[in-house]
Amino acid sequence: MRYPPGDLAIWIFILAELVVFAAFFAAYAFTRMNNVELFNEFQQQLDQRAALINTLALITSSYFVVRAVSAIREDNRRHCVVWLLAALAMGALFLIVKMGEYQHHFIVEGVSLSTNTFYMFYISLTFFHFMHVIMGMVILAAVVVMAAKGKYSAAEHTGVETGASYWHMVDLLWLIIFPLVYVMR
Amino acid sequence: MKYKSQSVAKLYFIAAIALFVAQILFGLIMGLQYVVGDFLFPTIPFNVARMVHTNTLIIWLLMAFMGAAYYLIPEEAETELFAPWLATLMFWIFLAAAGATVAGYLLFSYSDLAELTMNELLPTMGREFLEQPTITKIGIVVVVLAFLFNIGMTILKGRKTSINLIMLLGLVGLAVFFLFSFYNPVNVVRDKFYWWWVVHLWVEGVWELILGAMLAFVLIKVTGVDREVIEKWLYIVIAMVLITGLIGTGHHFYWIGTPDWWQWWGSIFSAMEPIPFFMMTVFAFNMVHKRRREHPNKVATLWALGTAVMAFLGAGVWGFLHTLSPVNYYTHGTQITAAHGHMAFYGAYVMISLAMISYAMPLLRGRNAANPAKSQVLEMWSFWLMTVSMVFITLFLTGAGILQSYLQRVSDNPMPFMVVQEQINLFYWLREIAGLVFLIGLVLYVASFFVGQNEPEAVVADR
Amino acid sequence: MKSTKRKLGIRPCTWVYLFLITFTFVTSQVGQMGLSGLTVSLLVLMLALIKGQLVGYYFMGLGRVKGLWHWPVFIWLFIPGILIGTAFYLTAARV
Amino acid sequence: MAQAFTKAMARNIFYGGSLFFFLLLLALTFQTEADFPSRDNRAALEGPKGTQIAEGKRLWEENDCIGCHTLLGEGAYFAPELANVYTRFGNSTDAIKGFIASRPADGIPGRRSMPQFNFNDEELSALAEFLKYVSEIKTARNWPPNIQG
């Protein structure tokens, strides 16, 4: 194969998104250089357990999507839909846990983008990613609807692969955010 | 020309070129005032010359966009314009309003103009690029609404192509974001913040949809490449424009009292803004390379390729130069901004308008496909003169800006503004000379419409 | 694509999934224990990059793609990885 | 195998991506509005002083000062930055008033000069108060970089 699975257009989009996040990651790491104490102090305010659950949720969700793609490659539409729904459920779990985290930081602690540099990065990175999870879920939901209508088959399932590729990117981003923002110090 | 009603575009294009000439003349006056401070003082003070320079630019670009819309939308929709008479009527209203406004700038002092037009009822005047009296702004809204209605109805009754939809979306966005020009709070920070919703979201947002649609239309016509291919690239390019450009607005929110975190958001997203311009360059050259036919209108192709290159240089590269907040800290509001503004406006919007005019005018004037060779050669000369002199204007202003930033802001003993201005005088003289060359190019451009009219049309030699 | 009949047993993607989960627990454990320092950070970073590569290679399916498109995720992990690693190294060197 | 790159997908990305980033811009605008009170010196806009500042801003606009000067770096680049002119003039509104009032009507031979606007004392005070208010806006990194603007 010369091209990645799914529509090439989504890959151009994925590349653009990856570049933006890469810039944010590098900015985080280099800004931390001059604010080590601040970063270390406020990193400890973050909820490690929530981050663990969320990482597991996204990885599992990504795995379910992989299974959905293999199901449609075997022309098994019903399994494809079921796996995608399971992936969506995992995405929803992520959102719920994340909202719990935000509820604590935003409402209980009253933190905002302007609180300090660490929270600026924490909120920017995670909220931007949070919006991507929602976007990814919207895409997956559209794929589920199409799959349920029987639009995909073993011969033609570019749509499933396109949605899957985007969703894996959402997972991929989190795989870096998790250690960078929550663990590395 | 396939549809009779497309001919209304001709009026718009002629007015656009006339205003373009006025814009350049006032640009030269300003350029001279930079070095001969009392030139025309106090008859035409600098601020008046600048208002005329920037406002005629905006108006002639709007004229060109409307002309382009009236030309390409019926052709794409494969139907006559919904109401050609409305288009003609709106043209005269728009021209009269524009003429009256410019005359107002020149004949009255600005404060008298404000009083005369009852600015106190809804104060919107006196903000950069939005200097038009409130009544003119309302006039623009009325004209644009009538225009949108007209082209919207045309699209509704005809074929719905991607180019038409994107053009329409861009023009609707233009109208919607212009509404922010009526919001003028006393709070300066808020005033500036929403002012950018007009200025940035126009030139780095919806105008680029218009640009993209016009470029795609011209490319389809002159290259004969499959519409499907051109349209999908168009979508990708403008998607990237908005993805980077919407949050890219943040590069204006570094130092105007807006919160610090904009420095990160603005820097990161606006650093991506050259990407769509680069894609556009690759796209345009690719399509011309893959062309399925040789179009006799060579000069239209030249303008289209010129747009792709110069927009990338002016908006992409020169924008990137000072878009990162640590750099912008020193360059904000210096001649660097002026350098970027000149090349970006010329490269993106002036050149695409001229590309469209270059493609459409021969057809509007009753030719089969193109102007006679003699006329085209002259227009190519004007292309190179204007483009090369604009490159030099930009380079000289960049030189001036770098020195200015250093002397006034970076060095250990910052000098006062006016002292620095004298230090960089040489660059302003060079810029003015380059400006004169630009004017020569413009004169040739206008002349190209009259040269060789009786000669036979250019044709393509068989390959 | 040639389809081969799968033997019964665990699919490759499931193995990848199990690896990802394991690595995640390791990373999380490091966090919970409050371990810090350059070596720990770089190890955690390394784990994350490996995880990313697994996702790119097996989940996104780039492993089977030949040519230019084989590389985007790898390059994406590599460059920020180097940058983040450098920044943490310089930070540690400074203290 | 299906077509690798379709117009339909490109279109979806355009609409979806634009909507996504526009919503993000709205979210960031919301946050900006929440941050404004701590930066934009809005306290100065209350009371009789506030009325005077509003009058000053009106004069600033109706004489197109932005056509030559920059204010917080925005405007024309023909004349000095005015966001910090209050501090540059030694924190004195009187100095600002004196400067504006003393511009020669016929300009300065061969040099750039500010026009004579014939403001009365009340108007001069309003303008000076407006510029003082702007100088007290809290900008990031206290931009402009130095007193020269």
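It should be emphasised that the depicted structure is a prediction, and the values quoted were computed from it without experimental measurement. Labels below follow one simple rule: chain letters A, B, ... track the order of the sequence lines, proteins then strands, and each chain is numbered from 1.
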As an exercise: rank [options] by heavy-atom pairs under 4.5 Å with chain D and give me the winner.
options                                : answer
B:Pro416, B:Ala114, B:Ser162, B:Pro42  : B:Pro416
B:Trp261, B:Phe269, B:Trp262, B:Trp233 : B:Trp261
B:Thr249, B:Thr124, B:Leu165, B:Thr337 : B:Thr337
B:Arg190, B:Glu115, B:Met240, B:Met418 : B:Arg190
B:Ile166, B:Val410, B:Val36, B:Ile256  : B:Ile256
B:Leu246, B:Val420, B:Val419           : B:Leu246

(request) Please list all pairs passing the side-chain hydrogen bond (donor to acceptor under 3.5 Å, both in side chains) test where one or both residues lie in residues 9-29 of chain D, with sequence neighbours left out. (result)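 For residues 9-29 of chain D: none.
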(request) Please collect all side-chain hydrogen bond (donor to acceptor under 3.5 Å, both in side chains) contacts where either partner lies in residues 66-82 of chain D, sequence neighbours excluded, each pair once. (result)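 Every pair satisfying side-chain hydrogen bond (donor to acceptor under 3.5 Å, both in side chains) with a residue in residues 66-82 of chain D: B:Lys192-D:Glu74, B:Trp196-D:Glu74, D:Thr70-D:Glu81.
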(request) Tell me, for D:Leu19 versus chain B, whether the close heavy atoms (under 4.5 Å) come from the side chain, the backbone, both or neither. (result)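 No part of D:Leu19 comes within 4.5 Å of chain B.
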(message) With a 4.5 angstrom heavy-atom cut-off, is it the side chain or the backbone of D:Ile137 that approaches chain B, or both, or neither?
(response)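 Contact with chain B involves the side chain of D:Ile137 alone.
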Side-chain ([X]) to main-chain ([Y]) donor-acceptor, under 3.5 angstrom:
X        : Y        : result
B:His332 : D:Pro144 : no
B:Arg409 : D:Asn146 : no
D:Tyr133 : B:Val188 : yes

(request) Give a yes/no verdict on a cation-pi contact between B:Arg50 and D:Phe78, requiring under 6.0 Å between NZ or CZ and the six-membered ring centre and an angle within 45° of the axis. (result)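 Cation-pi check for B:Arg50 and D:Phe78: fails.
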(request) Look at the aromatic rings of D:Phe36 and B:Phe193 and report parallel, tilted or perpendicular, splitting at 30° and 60°. (result)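 Judged by the thresholds at 30° and 60°, the geometry between D:Phe36 and B:Phe193 is perpendicular.
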Do [X] and [Y] come close enough that some side-chain heavy atom pair is under 4.5 Å?
X        : Y        : value
D:Met9   : B:Tyr235 : no
D:Arg39  : B:Val189 : no
B:Leu169 : D:Phe14  : yes
D:Leu71  : B:Glu128 : no
D:Trp143 : B:Asn328 : no

Counting only non-hydrogen atoms closer than 4.5 Å, does [X] touch chain D with its backbone (N, CA, C, O), its side chain (CB onward), both, or neither?
X        : answer
B:Tyr254 : backbone
B:Thr244 : neither
B:Leu113 : neither
B:Pro259 : both
B:Gln404 : neither

(message) Applying side-chain contact (heavy atoms from CB on, under 4.5 Å) to B:Trp265 and D:Leu25, what does each step give before you reach the verdict?
(response) CA-CA 10 Å; B:Trp265 284 89; D:Leu25 178 63; over 6 Å; no
(request) Give a yes-or-no answer on whether the side chains of B:Gln421 and D:Arg112 include a donor-acceptor pair shorter than 3.5 Å. (result)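 A donor-acceptor contact under 3.5 Å links the two side chains.
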(request) State, without any angle test, whether D:Glu61 and B:Asn184 hold a side-chain donor-acceptor pair at a distance under 3.5 Å. (result)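 Yes.
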(message) Looking at B:Asp226, I'd like to know if its CG atom is crowded, meaning that more than 12 non-hydrogen atoms belonging to other residues, nucleotides or ligands lie closer than 6.0 Å.
(response)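 Yes, because the 6.0 Å sphere around CG of B:Asp226 holds more than 12 heavy atoms from other groups.
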